[in-house]
Engineer: 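This is the structure I want to talk about, given as structure tokens.
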Amino acid sequence: MSVLPTTKDLFAYLDDTHREIDSKVRRLAELVTDVGSRNLSPEERAELHTICVFFDTTARNHHLDEEKHIFPALLSSEDEKVVHAASRLTQDHGWLEENWIEIYPHLEALSQDSGSYDYAELSHGMDVFSALYSEHMQLEESLAYPAAKKTPHLIDVLGAGREMAQRRFKKQLDQAI
């Protein structure tokens with residue numbers, strides 16, 4: 001007999017993704033800093049490409065997971081602070097996406113060793129990306145997630161798991177075709 005997922009499992013999954021995002025942001029910042037003083041090795045360029053794929057897929061899916069399955073519970077809260085946080089976090093996702101769209105071409109050029117990037121623009125964009133992600137995840141972990149955990153009856157864990165798996169599977173199928 002299998003064990004049904006719980007709200008605790010869902011948040012453990014989201015927390016794991018936060019740790020992975022934090023690790024990737026830090027490594028990405030290191031690589032961008034290194035580019036200011038030297039060329040990246042072929043291994044580092046391959047790692048950079050892998051990190052780009054992560055932000056194009058896993059991080060974007062994480063944001064959708066939160067917007068579909070966590071933030072609605074927060075937006076229905078009677079606590080104005082929680083509602084404001086959920087609105088801000090949704091807006092942050094938009095800012096993160098815009099910032100990613102700005103730095104991605106530079107990162108991809110670096111990963112392909114094409115030389116067609118602007119280091120000053122990339123460095124500034126990376127500083128913004130790092131700061132925004134840090135503030136965003138801190139707000140989620142200190143306020144949003146604890147508030148959502150207090151309302152497990154508002155989160156359809158089975159439905160969330162099913163939707164998340166289907167969305168990821170469909171994306172994999174679409175990319176394979």
Side-chain angles (χ1 to χ4, degrees), residues 2-29 32 50-108 124-175:
S2 65
V3 178
L4 294 175
T6 65
T7 305
K8 182 179 176 183
D9 297 331
L10 176 61
F11 283 99
Y13 175 77
L14 295 171
D15 287 340
D16 286 347
T17 306
H18 274 190
R19 282 188 286 281
E20 194 173 5
I21 288 170
D22 184 56
S23 172
K24 301 284 191 217
V25 168
R26 288 175 193 270
R27 183 61 181 142
L28 191 57
V32 168
T50 300
I51 293 171
C52 287
V53 170
F54 171 85
F55 281 105
D56 275 346
T57 57
T58 303
R60 280 182 172 147
N61 273 322
H62 176 78
H63 295 169
L64 284 173
D65 296 340
E66 292 171 332
E67 290 175 14
K68 288 176 173 273
H69 305 293
I70 305 302
F71 295 172
L74 300 176
L75 291 168
S76 68
S77 174
E78 293 180 16
D79 184 337
E80 190 67 30
K81 189 175 179 182
V82 171
V83 172
H84 177 74
S87 295
R88 177 182 160 199
L89 291 167
T90 302
Q91 185 177 29
D92 282 355
H93 287 169
W95 290 117
L96 285 163
E97 181 67 16
E98 275 192 42
N99 189 239
W100 178 248
I101 288 169
E102 288 178 17
I103 65 174
Y104 175 78
H106 302 282
L107 295 169
E108 195 59 23
H124 172 73
M126 190 65 229
D127 290 345
V128 171
F129 192 67
S130 295
L132 184 54
Y133 248 125
S134 178
E135 290 173 19
H136 177 80
M137 289 190 298
Q138 196 278 328
L139 180 58
E140 285 179 338
E141 293 169 3
S142 68
L143 178 66
Y145 284 7
K149 288 176 186 176
K150 292 179 184 175
T151 59
H153 60 286
L154 296 176
I155 300 171
D156 175 9
V157 176
L158 288 174
R162 194 170 24 257
E163 186 280 329
M164 290 162 60
Q166 287 173 344
R167 179 168 18 100
R168 285 161 174 78
F169 182 70
K170 182 183 180 317
K171 191 166 241 175
Q172 286 176 342
L173 279 179
D174 291 347
Q175 290 173 346

Engineer: Does any N or O in the side chain of Thr90 come within less than 3.5 Å of the main-chain N or O of Ala86, such that one atom is a donor and the other an acceptor?
Structural biologist: yes
Engineer: Using side-chain heavy atoms (C-beta onward) and a distance below 4.5 Å, is Asp65 in contact with Arg167?
Structural biologist: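 Yes, their side chains come closer than 4.5 Å.
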Engineer: Give, for atom NE2 of His62 and atom CG of Leu96, the distance between the pair rounded to the nearest 0.5 Å.
Structural biologist: 10.0 Å
Engineer: Specify the closest pair of heavy atoms between Gly125 and Asn99, including all atoms of both residues, with the distance to one decimal.
Structural biologist: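 Closest heavy-atom pair between Gly125 and Asn99: O-OD1, 3.2 Å.
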Engineer: Listed by chain and number, what are the salt bridge (Lys or Arg N to Asp or Glu O under 4.0 Å) partners of Asp22, not counting sequence neighbours?
Structural biologist: Arg26
Engineer: Locate the shortest heavy-atom distance separating Ala73 from Ser76; write the atom from each residue and the value.
Structural biologist: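 Answer, listing the atom of Ala73 first, then Ser76: O-OG, 2.9 Å.
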Engineer: Return the CD to NE2 distance between Glu67 and His63, rounded to the nearest 0.5 Å.
Structural biologist: 8.0 Å
Engineer: Would you mind reporting whether Glu135 and Arg88 have side-chain heavy atoms less than 4.5 Å apart?
Structural biologist: yes
Engineer: Which heavy-atom pair separates Ala148 from Ile70 by the least distance, and what is that distance?
Structural biologist: CB-CG2, 3.8 Å
Engineer: How many angstroms lie between CG in Leu75 and CG in Leu154, if you round to the nearest 0.5 Å?
Structural biologist: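 With rounding to 0.5 Å, CG (Leu75) is 11.0 Å from CG (Leu154).
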Engineer: Kindly state each residue pair satisfying ring-ring contact (aromatic ring centres under 6.0 Å, His included) with at least one member in residues 66-88, sequence neighbours excluded.
Structural biologist: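 Every pair satisfying ring-ring contact (aromatic ring centres under 6.0 Å, His included) with a residue in residues 66-88: Phe71-His93.
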Engineer: Could you give me the CA-CA distance, side-chain angles and deciding distance for Leu89 and Asp92, then say whether side chain to side chain contact (heavy atoms under 4.5 Å, CB included) is met?
Structural biologist: CA-CA 5 Å; Leu89 291 167; Asp92 282 355; 4.1 Å; yes
Engineer: Please answer whether the main-chain N or O of Met126 pairs with a side-chain N or O of Ser130 as donor and acceptor at a distance below 3.5 Å.
Structural biologist: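 Present.
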Engineer: Which heavy atom of Leu74 sits nearest to which heavy atom of Ala144, and what is that distance?
Structural biologist: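 Between these two residues, the closest heavy atoms are CD2-O, 3.4 Å.
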Engineer: Give a yes or no answer on whether the side chain of Thr17 reaches the backbone of Tyr13 with a donor-acceptor pair at less than 3.5 Å.
Structural biologist: yes
Engineer: Taking all heavy atoms of Ser77 and all of Val83, pick out the closest pair and write down the distance.
Structural biologist: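 Heavy atoms only, the tightest pair is O-CG2, 3.3 Å.
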Engineer: Under a 4.5 Å cut-off applied to non-hydrogen side-chain atoms, are Val32 and Leu107 in contact?
Structural biologist: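 With C-beta onward as the side chain, the pair touches.
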Engineer: Only one of Glu66, Arg168, Met164 forms a side chain to side chain contact (heavy atoms under 4.5 Å, CB included) with Asn61, so which one is it?
Structural biologist: Arg168
Engineer: Enter the distance from Leu139:CG to Tyr145:OH here, rounded to the nearest 0.5 Å.
Structural biologist: 10.5 Å
Engineer: According to the interplanar angle, ranging from 0 to 90°, do the rings of Phe129 and Tyr133 count as parallel (below 30°), tilted (30 to 60°) or perpendicular (above 60°)?
Structural biologist: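 Perpendicular.
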Engineer: Before giving the answer on side chain to side chain contact (heavy atoms under 4.5 Å, CB included), spell out for Val128 and Trp95 the whole-Å C-alpha distance, their side-chain angles and the decisive distance to 0.1 Å.
Structural biologist: CA-CA 10 Å; Val128 171; Trp95 290 117; over 6 Å; no
Engineer: Less than 4.5 Å apart, any side-chain heavy atom of Trp100 and any of Arg60?
Structural biologist: yes
Engineer: So, taking the atom named CD in Glu20 and the one named CG in Asp15, what distance separates them when rounded to the nearest 0.5 Å?
Structural biologist: 13.0 Å
